[in-house]
Amino acid sequence: NVGEKYTIKAYVYDAETNTPIKDKDGKPVVITKSVTASSDNGTKNVDINLDAEALGLGGKTIVIYNEVVKDKTGKVVASHNDPTDTDMQIRFPDIATQGVSKNTGIGIEKAKKDVTLVDTVSYKAFEKGKKYTLKTRLYDKTADKYVALSGAESAKETVFKADNTSGSVKVEVTIDASDLENHSLVFYEEVYKGSNVYAKHVNKNAAEQTVRFPKIILAKQAAAAAAS
């Protein structure tokens, strides 16, 4: 009714589990806005400011539920709470990576000419059926530079379609590691949707995406070094 006061409540839910997103105190996140109806029909915007990192929203899809409460009576006069309504959903896509040597199956390899490394990129909160471009780079943490992957190029591109909202993609790169003894290489990954970065994982200190090439000392060499 025109002139009546109402309170709009916006509840933040996890779309997959249909459970409320809670703040650091364990309370459900609820945003309220007081409005006065200027006509029988109309729209009102409710700004929702969330600290996605503090709320742990990475890799999740949230959905906003709404209630309109008439202040005079305290009764809910309208509501919308459909977890499948994509118009009310917001995605927080996230990726994680695991880099290993194809030969050893772990993040350690011998420095030699032809070495194939495998990076498994796991993704969450992607759009099912959509195509994405994964750009892979290898960062030499020891030398502070990128490693060439395709001729003079320092990045390898992989196009994939997300069969589900979560899944994984494997990327293989073969490099000349002859001069990489005592070096550590780190996988950097960026996922593009069109021309925009959709998700990325770039952390030179992440152990799980690092492959090391330690110096190998043979037993005879070690014995000689100890005796000298």
Side-chain angles (χ1 to χ4, degrees), residues 7-33 43-69 76 78-100 107 118-137 139 157-171 186-210:
T7 297
I8 300 174
K9 295 184 178 181
Y11 300 86
V12 184
Y13 269 63
D14 185 318
E16 183 177 352
T17 63
N18 199 28
T19 55
I21 299 296
K22 297 181 179 180
D23 61 20
K24 63 181 181 179
D25 298 319
K27 298 179 180 179
V29 177
V30 183
I31 295 89
T32 62
K33 181 175 183 176
T43 60
K44 294 293 183 181
N45 293 326
V46 179
D47 294 331
I48 300 176
N49 298 311
L50 301 174
D51 186 335
E53 184 175 357
L55 293 173
L57 299 183
K60 293 183 179 181
T61 298
I62 65 171
V63 60
I64 307 300
Y65 293 164
N66 293 121
E67 284 184 348
V68 179
V69 179
V76 176
S79 64
H80 183 77
N81 54 357
D82 180 3
T84 65
D85 186 348
T86 55
D87 289 336
M88 301 299 290
Q89 291 181 353
I90 303 170
R91 296 177 183 274
F92 293 87
D94 189 40
I95 61 173
T97 74
Q98 179 72 51
V100 299
V118 182
D119 194 27
T120 301
V121 182
S122 302
Y123 59 85
K124 294 181 179 180
F126 277 41
E127 293 183 69
K128 183 178 179 179
K130 297 293 185 180
K131 286 188 176 181
Y132 299 89
T133 300
L134 175 64
K135 291 188 178 182
T136 302
R137 289 182 173 83
Y139 174 70
E157 294 190 1
T158 304
V159 177
F160 70 96
K161 183 175 75 171
D163 293 327
N164 288 291
T165 57
S166 61
S168 63
V169 181
K170 288 184 181 293
V171 179
V186 187
F187 277 101
Y188 285 178
E189 301 286 5
E190 289 183 329
V191 178
Y192 284 77
K193 183 181 178 184
S195 59
N196 299 317
V197 176
Y198 194 66
K200 66 180 180 179
H201 197 281
V202 178
N203 181 359
K204 68 179 182 180
N205 297 315
E208 66 276 6
Q209 59 192 94
T210 300

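Quantities reported herein were computed from a predicted structural model and do not represent experimental measurements.
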Colleague: Where is the tightest heavy-atom contact between Thr210 and Lys204, given as atom of each residue plus distance?
Modeller: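 Looking at all heavy atoms of both residues, the closest pair is OG1-O, 4.5 Å.
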Colleague: Spell out, as yes or no, whether a donor-acceptor pair under 3.5 Å connects the side chain of Tyr198 to the backbone of Thr133.
Modeller: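 No, Tyr198 side chain to Thr133 backbone: no donor-acceptor pair under 3.5 Å.
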Colleague: About how many Å separate OG1 of Thr86 and CD1 of Ile90, when rounded to the nearest 0.5 Å?
Modeller: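 Result: 12.0 Å between the selected atoms.
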Colleague: Quick one: which of Asp85, Asp87, Asn66 gives a side-chain hydrogen bond (donor to acceptor under 3.5 Å, both in side chains) with His80?
Modeller: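 That would be Asp85; it is the only one of Asp85, Asp87, Asn66 passing the side-chain hydrogen bond (donor to acceptor under 3.5 Å, both in side chains) with His80.
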Colleague: Among side-chain atoms of Lys170 and Thr120, is any donor-acceptor pair under 3.5 angstrom?
Modeller: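 The answer is yes; a qualifying pair exists.
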Colleague: For a quick test of reading the model, state the closest non-hydrogen atom pair linking Val169 to Tyr123 and the distance between them.
Modeller: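 Closest heavy-atom pair between Val169 and Tyr123: CG2-CE2, 4.0 Å.
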Colleague: Can you tell me how far apart OG1 (Thr97) and CD (Glu208) are? Round to the nearest 0.5 Å.
Modeller: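 Answer rounded to 0.5 Å: 6.0 Å.
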Colleague: Arg91 and Thr165: side chain to side chain contact (heavy atoms under 4.5 Å, CB included), yes or no, with the steps?
Modeller: CA-CA 10 Å; Arg91 296 177 183 274; Thr165 57; 4.1 Å; yes
Colleague: Of all residues at least two apart in sequence or in a different chain, which pass the salt bridge (charged side-chain N to carboxylate O under 4.0 Å, His left out) check with Lys135?
Modeller: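 With neighbours one apart ignored, the set is Glu157.
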Colleague: Specify the closest pair of heavy atoms between Gly99 and Asp119, including all atoms of both residues, with the distance to one decimal.
Modeller: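 Result for this residue pair: N-OD1, 3.5 Å.
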Colleague: Just so I know, are the side chains of Phe187 and Val171 near enough to count as touching, which here means a heavy-atom distance under 4.5 Å?
Modeller: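 A side-chain contact is absent here, since even the closest heavy-atom pair is not under 4.5 Å.
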Colleague: Who are the salt bridge (charged side-chain N to carboxylate O under 4.0 Å, His left out) partners of Glu190, not counting sequence neighbours?
Modeller: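 With sequence neighbours excluded, Glu190 shows a salt bridge (charged side-chain N to carboxylate O under 4.0 Å, His left out) to Arg137, given in chain and number order.
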Colleague: Looking only at heavy atoms, what is the nearest atom pair of Val30 and Tyr11, with distance?
Modeller: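 The answer is CG2-CD2, 3.5 Å.
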Colleague: Is it true that atom NZ of Lys128 has more than 12 heavy atoms of other residues, nucleotides or ligands lying nearer than 6.0 Å?
Modeller: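 No, NZ of Lys128 has 12 or fewer neighbouring heavy atoms, counting only those of other groups under 6.0 Å.
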Colleague: Write down the atom of Lys22, the atom of Leu55, and the distance for their closest heavy-atom approach.
Modeller: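 Smallest interatomic distance, heavy atoms only, reads O-CD2, 3.4 Å.
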Colleague: Would you say the side-chain atoms of Lys60 pair up with the backbone N or O of Phe92, donor to acceptor, closer than 3.5 Å?
Modeller: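 It does not hold such a pair.
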Colleague: List the steps, then state whether side chain to side chain contact (heavy atoms under 4.5 Å, CB included) holds for Ile31 with Val12.
Modeller: CA-CA 8 Å; Ile31 295 89; Val12 184; 4.0 Å; yes
Colleague: Which pair of heavy atoms, one from Tyr65 and one from Asn81, lies closest together, and at what distance?
Modeller: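 Answer, listing the atom of Tyr65 first, then Asn81: CD2-CA, 3.4 Å.
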Colleague: With a 6.0 Å cut-off (strictly less than), is the heavy-atom count around NZ of Lys193, excluding the residue itself, greater than 12?
Modeller: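 Yes, the 6.0 Å shell around NZ holds more than 12 heavy atoms from other groups.
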Colleague: Taking the side chain from Asn203 and the backbone from Asn205, do they hold a donor-acceptor pair closer than 3.5 Å?
Modeller: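 It does hold such a pair.
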Colleague: Say whether, by atom type as modelled, one donor and one acceptor occur between the side chain of Gln89 and the main chain of Pro83 under 3.5 angstrom.
Modeller: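 Checking the backbone N and O of Pro83 against the side chain of Gln89, a donor-acceptor pair under 3.5 Å is found.
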Colleague: Evaluate the side chain to side chain contact (heavy atoms under 4.5 Å, CB included) criterion for residues Ile62 and Leu50: first the C-alpha distance (whole Å), next the side-chain angles of each, then the deciding distance (0.1 Å), finally the verdict.
Modeller: CA-CA 11 Å; Ile62 65 171; Leu50 301 174; 3.9 Å; yes
Colleague: Knowing that exactly one of Glu189, His201, Gln98 qualifies, which makes a side chain to side chain contact (heavy atoms under 4.5 Å, CB included) with Gln209?
Modeller: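 Considering Glu189, His201, Gln98, a side chain to side chain contact (heavy atoms under 4.5 Å, CB included) with Gln209 is found only for His201.
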Colleague: My understanding is that only residues two or more places apart in sequence, or in another chain, count here; which of them pass side chain to side chain contact (heavy atoms under 4.5 Å, CB included) with Thr17?
Modeller: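 With sequence neighbours excluded, Thr17 shows a side chain to side chain contact (heavy atoms under 4.5 Å, CB included) to Asp14, Thr19, given in chain and number order.
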Colleague: Using 30° and 60° as the class boundaries, would you call the ring planes of Tyr139 and Tyr188 parallel, tilted or perpendicular?
Modeller: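 Parallel.
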Colleague: Would the distance check show the side chain of Asp23 and the main-chain N or O of Asp25 forming a donor-acceptor pair, the cut-off being under 3.5 Å?
Modeller: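 A pair under 3.5 Å: yes.
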Colleague: Does a donor on one side chain and an acceptor on the other come within less than 3.5 Å for Thr84 and Asp82?
Modeller: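 Note: Thr84 and Asp82 side chains meet the donor-acceptor criterion.
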